[in-house]
Amino acid sequence: MDAFYASVEMRDHPEYRKKALVIAHDPREHNGHGVITTANYVARKYGVGSAMPAIKAVQKVPADKLVFLPPDFEKYRSVSAQVHEIMHEVTDKIQSVSLDEAYLDVTQNKLGDYSTIQLGNYMQQKIYKETGLTCSYGASYNKFLAKMGSEYAKPFGKTLILPEEAKDFLARQDISKFHGVGKKTQLILRELGINTGADLQAKSVKYLIDHFKKMGYVMAMHSRGIDLSPVEWQRQRKSIGKERTFEPSVFEEQKALTLLRGYSSDIANILMTQNVKTKCIVLKIRDTDFYTVTRRRMLKSSTRDAHEIYQEAKDLFEELPEFLEKGIRLLGVSVTSLEQEKYQETNLFSTLE
DNA sequence: GCGGATCAC
DNA sequence: TATGGTGATCCGC
């Protein structure tokens, strides 16, 4: 398989920033882009009320020159669709990872007899021309290496990793660059003296499985340049959820129940548009001390009814009265065990065609 | 199947 | 230091 991973840099483009950011009023400072920082941190520091999602980074802008920009998700979504159109010129085998990242299987492509790099350059340049966004991509013989190469190429580059180069390339990478290796796994790996791809390669597969179970096997394979997972371009969603954090916390039962009703209705609407039903309702709740639990209930028969979802969520909620005492910081509902409705019109037509 | 943990973005 | 929202997967029961 020729795999391809593209990552579009939206957050650094002034028009497409997806998240809250802080920007200097004076465009002569910081190239007119201002300074991106953790919105909540800045909000607290400068006494501005804000609970925007956070991103990374820098400071150095005086307080009186700061202004908060709300995220424009509509814009973000529409640009993402534009980018996807360009990718679809090359192949329909696209696995979206998020609005701005995707895997493409270009073993076959729609444009003709081109190399993976030629296809990549075509998309990269077209995306830049049509949206002004830079993107990087990685190309290799499997998904893992394609993604690794893409990260390596950021913010506006490309990386081609050939089979005979893979092991050396991986040996040089820090374990933090391995997909699936997060904070916790990193900590344990480093305690074992494993800091790089070379260290992973030096350990036996058995050793890694003994320490990390399935994850160990995956890391062993990845470090050796092996990843057989396909580009899942037809995957369907397995859960749908809605949750919200409150500042200050919620103490009133009526308010909590109203929120649950709203979430249930939102979820029911999505079930409707996606033509699926659910067999399992999950309640998620977090108190002021950040103590979080989830409780779920399996249904006898699947549903897409807002009120039925609400009733289950309410039942689960009422089994946890302690949270109202403490104060509710977060409340959420999600549904899993989704079942595709059969005999869907679109399916019928597409089958007949 | 359930609930917590971990991870990605 | 302060930790948002959505979704997936894995582990140990």
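Below, chains carry the letters A, B, ... as their sequence lines are ordered, and counting in each starts from 1. Just so we're clear, the structure is a prediction, and the values are computed from it rather than from any experiment.
A:Ile267 places its CD1 atom 13 Å from the C1' atom of C:dG5, with the value rounded to the nearest Å. If you measure from atom OH of A:Tyr217 to atom C1' of C:dC10, you get 16 Å, rounded to the nearest angstrom. Atom pair A:Tyr263:OH and C:dG4:P shows a separation of 13 Å (rounding to whole Å applied). In this structure, A:Leu338 atom CG and C:dA8 atom C1' are separated by 13 Å, rounded to whole Å. Rounded to whole Å, the distance from CD on A:Glu247 to C1' on C:dG4 is 12 Å. Atom P of nucleotide B:dA5 and atom NZ of A:Lys213 are separated by 17 Å, given to the nearest angstrom. Taking atom CD1 of residue A:Ile209 and atom P of nucleotide C:dC11, one finds them 11 Å apart after rounding to whole Å. Atoms NE2 (A:His211) and C1' (B:dT6) sit 19 Å apart, rounded to a whole Å.
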Verdict with supporting geometry, A:Phe144 and A:Phe178, ring pair (Phe, Tyr, Trp, His ring centres under 6.0 Å): CA-CA 8 Å; A:Phe144 171 71; A:Phe178 281 67; 5.6 Å; yes
Test salt bridge (Lys or Arg N to Asp or Glu O under 4.0 Å) on A:Lys326 and A:Glu322 and set out the steps. CA-CA 6 Å; A:Lys326 269 252 171 189; A:Glu322 327 82 82; over 6 Å; no
Evaluate the criterion salt bridge (Lys or Arg N to Asp or Glu O under 4.0 Å) for residue pair A:Arg297 and A:Asp315; output intermediate values, then yes/no. CA-CA 9 Å; A:Arg297 185 156 295 169; A:Asp315 279 1; 3.5 Å; yes
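One side chain, A:Tyr122 or A:Glu89, offers a donor N or O that lies under 3.5 Å from an acceptor on the other. Judged purely by distance below 3.5 Å, without hydrogens or angles, the side chains of A:Lys93 and A:Gln234 never pair a donor atom with an acceptor atom. Side-chain contact annotation: A:Tyr137 with A:Asn121, donor-acceptor N/O pair under 3.5 Å present. Remark: the A:His84 side chain and the A:Ser96 side chain contain an N/O donor-acceptor pair separated by less than 3.5 Å. Looking at A:Ser239 and A:Ser334, their side chains never bring a donor and an acceptor atom within 3.5 Å of each other. Under 3.5 Å, the side chains of A:Glu308 and A:Thr303 contain a donor-acceptor pair of N or O atoms.
In this model, the phosphate group of C:dA8 is not approached by any side-chain N or O of A:Lys238 to a distance below 4.0 Å at OP1 or OP2. Proximity of A:Ser98 to the phosphate of C:dT6: no side-chain N or O atom is located under 4.0 Å from OP1 or OP2. One finds no side-chain N or O of A:Ser334 lying less than 4.0 angstrom from the OP1 or OP2 phosphate oxygen of C:dT6. Distances shown here put a side-chain N or O of A:Arg329 below 4.0 Å from the OP1 or OP2 atom of C:dG4.
Residue contacts shown for A:Lys279 are absent, as no nucleic acid heavy atom lies under 4.0 Å away.
Contact check of residues 283-308 of chain A against DNA chain B (heavy atom, cut-off under 4.0 Å) returns A:Val293, A:Thr294, A:Arg295, A:Arg296, A:Met298. For the segment residues 183-193 of chain A, residues with any heavy atom less than 4.0 angstrom from an atom of DNA chain B are, sorted by number, A:Lys183, A:Lys184, A:Thr185.
C:dA2 sits 24 Å from B:dC7 when the P atoms are compared, rounded to a whole Å.
Residue A:Arg244 has its side chain nearest to C:dT6 when only B:dC9, C:dC11, C:dT6 are considered.
A salt bridge links A:Asp174 with A:Arg190: the closest approach of a Lys/Arg side-chain nitrogen to an acidic carboxylate oxygen falls below 4.0 angstrom.
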